[in-house]
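Here the structure is laid out as structure tokens; the discussion comes afterwards.
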Amino acid sequence: MGILGRIDLRSVITKNQTNLMKLRLSLLVIICLAIASCSKKPIEKDPDDDISLGNDSLVKRLNLKITDKQNLIIKVLVFKDSKNNNVIAGAKNKKYWIGYFDASGNELKVKTYADDPTEIPTASGSKVPVGYNFYTRIKEVNKVVYITRQMRESQINNAPDPFIEDFTRIDMNSNAIANNYTSVIPGKDEPYTSEISVWTNSLTAITKSNLDNAGNISSSIKYIYNEQATLMGSFASPKDLKYIEKPLSATEYILVTGNFHFICKKLADNSVKYDVDLLAGIPPIRSGTIGLVTITGNVIEIEYPLNMADGSSRNGYKKIDSTTGEEL
């Protein structure tokens, strides 16, 4: 064999060896991939992911991380408080449900209203079924979210009809949710919550009102609570356009009554500190209203436009020292 023949043979042998090495390398890669794929655990799917919560778009939008989704239906965003926390209403096991979530969707507290009444007492002594829920007050006052819900028989919501009030309190500091029920029959003694408002920076005023047979407010009591939900005092609060009430301090308040008397009372025992007759020295009036009441330091200014008995008009105005009750 010549020199060229020997070179071609060596070239073939070298080429075959190269192909063999490539084949072995490919087999090695395939084996490694197979081993790696076998070592991975299959992804386990959370069974809760398949559970529809009714308003799934709301759940997704607020990224709600709900701990117990079983038999839960999410219905509506009820309220967003000053911390950007969300109050969500729904139903769990066919009972009213409230969820309290932070701005990131983390669950702070939930409550299922398992004790919700199913019947409403009436004036005749009979009972009618609960058919509809109405929100009448949703308000944040002094870092507490208050929700008043009326359970009624009819969707028409007639004023003279009896109802059951659910009064819910969500503490924004502790996240605690508490509630109580009141059966309200117009013309009877059971009051409902007609107003929730700031009394001072640390006190909250909750007004409870009685209804007459027609469903109109007949009388009211204003209850003052501190931040721990402890009752500090109460006083009658008639629905009178000529009536104004304002806190003077955490323990005293002022009243300007329908008979144009300026009165300072202590909150706890309701005792009178001083009483100023705003009409003293003014000729007989036909009508009038209490206007602006301004408190600046120890000075209280009161404006009250009057219609006199002779047909003329005049503006009453007085300044009073809040520490002595003396006119300035």
Side-chain angles (χ1 to χ4, degrees), residues 53-55 58-117 130 132-152 163-184 191-209 221-232 234 250:
L53 297 177
N55 194 344
L58 177 65
V59 174
K60 184 177 181 180
R61 178 166 61 86
L62 299 180
N63 193 29
L64 300 181
K65 304 173 183 67
I66 303 171
T67 303
D68 184 5
K69 299 180 181 179
Q70 293 299 318
N71 300 319
L72 176 65
I73 299 296
I74 296 296
K75 294 186 177 180
V76 66
L77 170 63
V78 174
F79 188 76
K80 182 183 290 289
D81 66 23
S82 59
K83 289 184 174 181
N84 283 325
N85 294 340
N86 296 304
V87 180
I88 308 296
K92 185 171 178 62
N93 296 317
K94 298 183 179 180
K95 288 289 187 179
Y96 182 67
W97 176 94
I98 281 286
Y100 190 45
F101 299 85
D102 68 16
S104 300
N106 298 307
E107 181 179 293
L108 301 175
K109 197 74 174 179
V110 298
K111 178 177 176 62
T112 301
Y113 289 64
D115 296 328
D116 260 10
V130 173
Y132 296 90
N133 287 283
F134 299 90
Y135 292 111
T136 56
R137 292 284 185 283
I138 304 175
K139 198 170 186 179
E140 178 187 328
V141 180
N142 290 333
K143 297 302 178 183
V144 175
V145 176
Y146 295 93
I147 302 173
T148 57
R149 174 176 56 111
Q150 291 183 5
M151 288 166 270
R152 291 180 174 268
F163 60 90
I164 293 175
E165 179 185 84
D166 163 46
F167 182 86
T168 291
R169 183 181 188 276
I170 304 176
D171 190 316
M172 293 169 56
N173 294 318
S174 67
N175 303 326
I177 303 177
N179 81 302
N180 58 69
Y181 301 101
T182 303
S183 177
V184 180
Y192 84 107
T193 306
S194 57
E195 187 56 77
I196 304 165
S197 58
V198 174
W199 187 243
T200 68
N201 289 335
S202 60
L203 298 177
T204 299
I206 298 177
T207 305
K208 298 285 186 176
S209 299
I221 301 285
K222 183 160 288 190
Y223 297 90
I224 310 300
Y225 292 89
N226 64 13
E227 293 173 314
Q228 290 72 44
T230 301
L231 181 64
M232 301 298 292
S234 63

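Computed from a prediction, not measured in an experiment: that's the story for all the values here. Positions are given from 1 along the sequence. Basis for what follows: all heavy atoms, side chains included, without hydrogens, waters or symmetry-related copies.
Taking all atoms of both residues into account, the shortest heavy-atom contact from Lys83 to Met172 is NZ-O, 2.9 Å. In terms of heavy atoms, Ser234 sits closest to Tyr223 at CB-CD2, 3.6 Å. Ser104 approaches Lys65 most closely through the heavy-atom pair O-NZ, 2.7 Å. Contact record, Lys75 with Asn55: O-ND2, 3.0 Å, taken as the closest heavy-atom pair. In terms of heavy atoms, Val78 sits closest to Ala89 at CG2-CB, 3.3 Å. The shortest heavy-atom contact between Gly99 and Val110 is CA-CG1, 3.9 Å.
Two residues are said to be in side-chain contact when any heavy atoms from C-beta on lie closer than 4.5 Å; Ile74 and Leu72 meet this criterion. Residues Ile147 and Phe79 form no side-chain contact, since every pair of their non-hydrogen atoms from C-beta on lies 4.5 Å or further apart. Between Asp166 and Asn133 there is no side-chain heavy-atom pair separated by less than 4.5 Å. Using a 4.5 Å cut-off on side-chain heavy atoms (C-beta onward), Thr204 and Trp199 make no contact.
Between Lys69 atom NZ and Lys92 atom NZ the span is 11.5 Å, to the nearest 0.5 Å. Between the CD atom in Gln228 and the CG atom in Asn226 there is a gap of 4.5 Å [rounded to 0.5 Å]. Interatomic distance, Thr148 OG1 to Asn179 CG, rounded to the nearest 0.5 Å: 12.0 Å. Rounded to the nearest 0.5 angstrom, Leu77 CG and Asn86 CG are separated by 5.0 Å. With rounding to the nearest 0.5 Å, the separation of OH in Tyr225 from CG in Leu231 is 5.0 Å. From Arg149, atom CZ reaches atom CZ of Arg137 across 16.0 Å, with rounding to the nearest 0.5 Å.
In Asn201, the CG atom is not crowded: 12 or fewer heavy atoms of neighbouring residues, nucleotides or ligands sit closer than 6.0 Å. Counting non-hydrogen atoms of neighbouring residues, nucleotides and ligands closer than 6.0 angstrom, the NZ atom of Lys111 exceeds 12 such neighbours. Few gaps surround NZ on Lys139; more than 12 heavy atoms of other groups in view lie less than 6.0 Å from it. Residue Lys60 qualifies as open at atom NZ: its count of foreign heavy atoms under 6.0 Å is 12 or below.
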Evaluate the criterion side-chain contact (heavy atoms from CB on, under 4.5 Å) for residue pair Tyr192 and Phe163; output intermediate values, then yes/no. CA-CA 10 Å; Tyr192 84 107; Phe163 60 90; 3.9 Å; yes

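Thr200 places no side-chain N or O within donor-acceptor distance of the main-chain N or O of Ala250, the cut-off being under 3.5 Å. Side-chain N or O atoms of Thr207 include none that pairs as donor or acceptor with a backbone N or O of Ser194 at under 3.5 Å. At distances below 3.5 Å, at least one donor-acceptor pair connects side-chain atoms of Glu107 with backbone N or O atoms of Thr67. Proximity of a side-chain donor or acceptor of Asp171 to a complementary backbone N or O of Glu227 within less than 3.5 Å is not detected.
Take Tyr113 and apply the ring pair (Phe, Tyr, Trp, His ring centres under 6.0 Å) test, not counting sequence neighbours, and it matches Tyr96. Partners of Phe101 according to the ring pair (Phe, Tyr, Trp, His ring centres under 6.0 Å) rule, which considers only residues two or more places apart in sequence or in another chain, do not exist here. Applying the ring pair (Phe, Tyr, Trp, His ring centres under 6.0 Å) criterion to Tyr146, with sequence neighbours excluded, gives Phe167.
A side-chain donor-acceptor contact under 3.5 Å links Asn85 and Tyr100.
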